[in-house]
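What follows is one structure encoded as structure tokens, with my remarks underneath.
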Amino acid sequence: MGRGRTGSRATGPARSPGAALAVILALVCVVAGFVAGRPDAVALAAPFALLALAGRPTPGVGEARLVDVTPDRRTEVQGSRLRLLLTQGSGGPSADGLVATILAAPGCPPDALVLRTGEECPLLVHAPFSGERDVLSYGAARFIAEVTGSSPFVSSPPVRVSILPSIGALLARAGSRRLVGLAGTHVSRRPGEGGELRSVAPLQAGDALRRIDWRATARRSTDQDRLMVRRSYADAEASVFLVIDQAHDLPASTADWFAAGPPRPGPGSLHVARAAATTVAASFLAGGDRVGLHDLSGTRRPLRSAGGARHLEQIRTRLAGLSVAPRRRRRRDPVPPPGAIVVLFSAFLDAEPARLLRLWHAQGHLVAGVDCVPPLQPGTTTTAQAEAVRLTLLRRRLLLEAMGDDGIPVFVGASADARLGPRHGVRGRTAPDAGRADLFSATGPDLESGFRLLARQAGRRVGSFGGAAGSAAGVGRAGGRIP
Amino acid sequence: MDRAVPDRTGLVPLTLVRGATALIAAMLGTLVWQGSAWILVPVLVAVGAAVLPSIGLALLSLMLLVVAYAVNLPAGSPWLLVFVAGLHAVFVLYLLLVHLPLRGWISVAALRELARSFLRIQAVAQPVALLALLVGDAGSSLTVVVVGVAAFCCWALWLVRRRRV
């Protein structure tokens, strides 16, 4: 997590109306006292006159920031809250006085925090579930202790944090059809170094001496003239191609679908995509496989397939940086590495992700979709909104069912983040929406069950060297049957 | 909605400060309006000035108090000392609050700083008020007036020297 932009901006002139107000009141007191012939009324002017004298122009601080708000490194995210530290800025004043800081979290009215010069104050703000977001806008002005003089209000760039998606429980790993490399834990079909026994055969030229099986030699070579060696299948790694659809970020509350302004801090489909993709990537990378990352909007260059813990951090950082971006017109569709397992993370609001999955499926890849819509909370306010939500969800349901019929399994991605609550069903359902629970509730297996099934089916297929389409269709149908 | 909130002790909500400001102004108004039904006007203006970010309302509230003091309270009233302190406090709080959003917090250290500055100015304003009372009571006695002025000048000089040191 870290600061984003730097620099500051001063807004408005510096002068405070306090000194002018003090002069006016002092003159009123003096005039009233002289008119009434009362020295005590004139004496009322004394504090105002002194305040007007004290209200000299504050030493200019120019464009320098009066306060800084930075993430507090000592205590990081506390649940859904992020701890920041408000300190006096490097260009702040050294004399005594007050510093008034105006704080505004996104979508909230501003609050004031008045501190003595040099005071620090920790702040708690709402942290996004994952991703990069402005969490606090702020600015400050300095007052002298008499309050009749002030410096100009200096607004600072907002505090922007980047929260890496969390890693869920590791999933079962499916082996791809075409394994590559000499590392990994998958058993390939080619002879080589590995743990899976292929055959016990007489020693030939080129066999390593350490592969001689003395027991087999004693058992099978009765006249002791032949040495038997154990031959194995080579270990290899699978290649996984993660594709993120960042065209939409569907909020959990359907009321927020129609809200204008900055995005709400709650979980959205993009967060689910980040969490699920991180979990899938971590699961495969932990087994020594290679994982690549691509986004359908084409905002950044694809992250090419690689393995290792460092690559996982790269994937998490890339995922944290994802934001909503419309899909660009492409000359050609993304091409997964040969034989790769393709996992597409999308809210499936339109037909494009389903088309790509069908295309890759037809090309012989082992494919799976991850439905990234978070557990929905019905909360529409008008009938038109409710109908719009219903039609959107209906279309989505038809798309998902069509994919299931084509043998493409779709798993529920919300299960990757335990903070999103129940895996299935509707939360906070209101009476008018109660009858539409079937549309609001997620269907299909969760991520863990889905990948376990996928791994089982892929294992059977690899074991029997059977047809690809048949086994993938089996997974799709199996996925659809799980409640 | 999730606002940004401070995570430490030693902070006073601005709502409390606004309430205290309106209360002081209303109490001063009660003194000068002397049970009249018109007391509602300065009270309402005081509440408005403490809540709304309007320098005009603050000026109106203070003017209502000053003019009412000059008109309603008899000359030589000992309430002058209270009024000098009260008007000063109300003025400072109005000026502070007029720049700030409705909700927020102020630290106890900042309030202490305000109180220190308040006392610094009152250290001069209260003797001036005393002198005015003295002049009002013993206007015909030149000796008393001269002694009072001399004492005030000595006090003011001592304060200035102390501040420079």
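The analysis underlying the following values was restricted to heavy atoms, covering all of them including side chains, and did not include hydrogens, waters or symmetry mates. Here is how names work: the chains are called A, B, and so on, in the same order as the sequence lines, proteins then strands, and each is numbered from 1.
- Your options are Val12(B), Leu59(B), Leu131(B), Val98(B), and the one with the most heavy-atom pairs under 4.5 Å with chain A is Leu59(B).
- A 4.5 Å side-chain heavy-atom check between Val84(B) and Leu44(A) finds at least one atom pair inside the cut-off.
- Separating the CG atom in Leu123(A) from the CZ atom in Arg8(B) is a distance of 10.0 Å, to the nearest 0.5 Å.
- Atom CG of residue Leu14(B) and atom CG of residue Asp111(A) lie 9.0 Å apart, to the nearest 0.5 angstrom.
- Within the 4.5 angstrom heavy-atom criterion, atoms from both the backbone and the side chain of Tyr69(B) approach chain A.
- Surrounding CZ of Phe258(A) are more than 12 heavy atoms belonging to other residues, nucleotides or ligands, all under 6.0 Å away.
- Leu111(B) does not touch chain A: none of its heavy atoms, backbone or side chain, sits under 4.5 Å away.
- Residue Leu98(A) holds its CG atom at 7.0 Å from CG of Leu96(B), rounded to the nearest 0.5 Å.
- Between Val147(A) and Leu93(B) there is no side-chain heavy-atom pair separated by less than 4.5 Å.
- Between chain B and the residues Val42(A), Val125(A), Leu115(A), the largest count of heavy-atom pairs under 4.5 Å involves Leu115(A).
- Rounding to the nearest 0.5 angstrom, the gap separating the CZ atom in Phe48(A) from the CG atom in Leu62(B) is 5.5 Å.
- Considering every non-hydrogen atom in both Arg38(A) and Ala70(B), the closest pair reads NH1-O, 2.7 Å.
- For a residue to count as touching a neighbouring chain, one of its non-hydrogen atoms must lie under 4.5 Å from one of that chain's; by this rule Ile24(A) touches chain B with the side chain only.
- Contact detail for Ala46(A) and Val128(B): the closest heavy-atom pair is CB-CG1, 3.8 Å.
- Annotation: side chain of Val92(B) is not in contact with side chain of Thr148(A) (no heavy-atom distance under 4.5 Å).
- For Leu100(B) against Ala100(A), the heavy-atom pair with the smallest separation is CD2-CB, 3.7 Å.
- Salt-bridge check for Arg120(B) with Glu146(A): passed, with a basic side-chain N closer than 4.0 Å to an acidic carboxylate O.
- For the residue pair Arg116(A) and Glu113(B), the shortest heavy atom distance occurs at NE-OE1, 2.8 Å.
- In terms of heavy-atom pairs under 4.5 Å with chain B, the best-connected choice from Ala36(A), Ala41(A), Pro122(A), Ala105(A) is Pro122(A).
- Enclosure of atom CH2 in Trp79(B) is not indicated, since only 12 or fewer non-hydrogen atoms of other residues, nucleotides or ligands lie within 6.0 angstrom.
- Ranking Tyr94(B), Phe83(B), Trp105(B) against chain A, the residue ahead of the rest is Trp105(B), based on heavy-atom pairs under 4.5 Å.
- Nearest heavy atom pair, residue Pro6(B) against residue Leu113(A), reads CG-CD1, 4.5 Å.
- Atom CG in Asp7(B) sits 12.5 Å away from atom CG in Leu86(A) (nearest 0.5 Å).
- Heavy atoms closer than 4.5 Å to chain B are found in both the backbone and the side chain of Ala22(A).
- The two residues Ala75(B) and Asp40(A) have their closest heavy-atom pair at CA-OD2, 3.7 Å.
- Contact annotation for Leu25(A): only side-chain heavy atoms (C-beta onward) come within less than 4.5 Å of a heavy atom of chain B.
- Ile102(A) has its side chain within reach of Pro101(B): a pair of non-hydrogen atoms, C-beta onward, lies under 4.5 Å apart.
- In this structure, OG on Ser117(B) lies 7.0 Å from CG on Leu51(A), to the nearest 0.5 angstrom.
- Chain B forms the most heavy-atom pairs under 4.5 Å with one residue out of Ala45(A), Ala145(A), Ala112(A), and that residue is Ala112(A).
- Within the 4.5 angstrom heavy-atom criterion, no atom of Arg112(B) approaches chain A.
- Proximity to chain A (any heavy atom under 4.5 Å) is shown, for Pro13(B), by neither the backbone nor the side chain.
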